[in-house]
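This report refers to the structure that appears directly beneath it.
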Amino acid sequence: MKAADWIDRVKSIKGIASDYGVAKALGLSRATVSGYRSRLSTLDEDASIRVAQALGERPEAVILDQAAERVRSPEARAALLDAARRLCILCKVPNAMEVIASYARASGVSLACC
């Protein structure tokens, strides 16, 4: 998932209406949140941890998901997404399993869910 998707998930779960509010809740600057949204980029490790904590999720799963977004190799991406899936975070995110499935088919990774 892109950084904006994670930020939107925090906003939705926490009932936050604005990017300013989510920035404050995550301890990030408004400019940082805006940058994540405008560049369709990925969260750095610190922001990944903050997002995971806000969602009550395991930080390593968000970090793995964001690392998977950054890699170019389909095999590496499938392996990282499979590791994140085994941590059971992506099973909760709408459409995430379909994305994982496309990379898994390309690299032969198993998709047995948690």
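All values below come from the heavy atoms of this structure, side chains included, with hydrogens, waters and symmetry mates left out.
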Going through the checks in order, is the salt bridge (charged side-chain N to carboxylate O under 4.0 Å, His left out) test met by E57 and R50?
-> CA-CA 10 Å; E57 302 288 356; R50 291 170 190 242; over 6 Å; no
Should D5 and R9 be marked as a salt bridge (charged side-chain N to carboxylate O under 4.0 Å, His left out) after you check the CA-CA gap, both sets of side-chain angles, and the distance that decides it?
-> CA-CA 6 Å; D5 298 325; R9 191 161 175 235; over 6 Å; no
Taking it one step at a time, do V22 and V33 satisfy side-chain contact (heavy atoms from CB on, under 4.5 Å)?
-> CA-CA 8 Å; V22 78; V33 170; 4.1 Å; yes
Test K14 against L55 for side-chain contact (heavy atoms from CB on, under 4.5 Å), laying out the working first.
-> CA-CA 8 Å; K14 296 290 187 179; L55 295 171; over 6 Å; no
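Under the 4.5 Å side-chain heavy-atom criterion for Ile, Leu, Val, Met, Phe, Trp and Tyr, I13 and L26 are members of the same hydrophobic cluster.
Of all non-hydrogen atoms in I16 and A25, the two that sit nearest each other are CD1-CB, 3.8 Å. The heavy-atom pair separating I49 from P59 by the smallest distance is CG1-CB, 4.0 Å.
With hydrogens and angles ignored, the 3.5 Å screen pairs no side-chain donor or acceptor of D65 with any backbone N or O of L81. Without hydrogens or angle criteria, R77 side chain to E69 main chain gives a donor-acceptor distance under 3.5 Å. Distance alone, capped at 3.5 Å, places no donor-acceptor pair between the K2 side chain and the T42 backbone. A donor-acceptor pair under 3.5 Å is absent between the side-chain atoms of S12 and the main chain of D8, judged by distance alone. Panel note: side chain R30, backbone D19; no donor-acceptor pair is recorded below 3.5 Å. Distance alone, capped at 3.5 Å, places no donor-acceptor pair between the T32 side chain and the L28 backbone.
Separation of atoms CG (L43) and CD1 (I7) is listed at 6.0 Å; rounding is to 0.5 Å.
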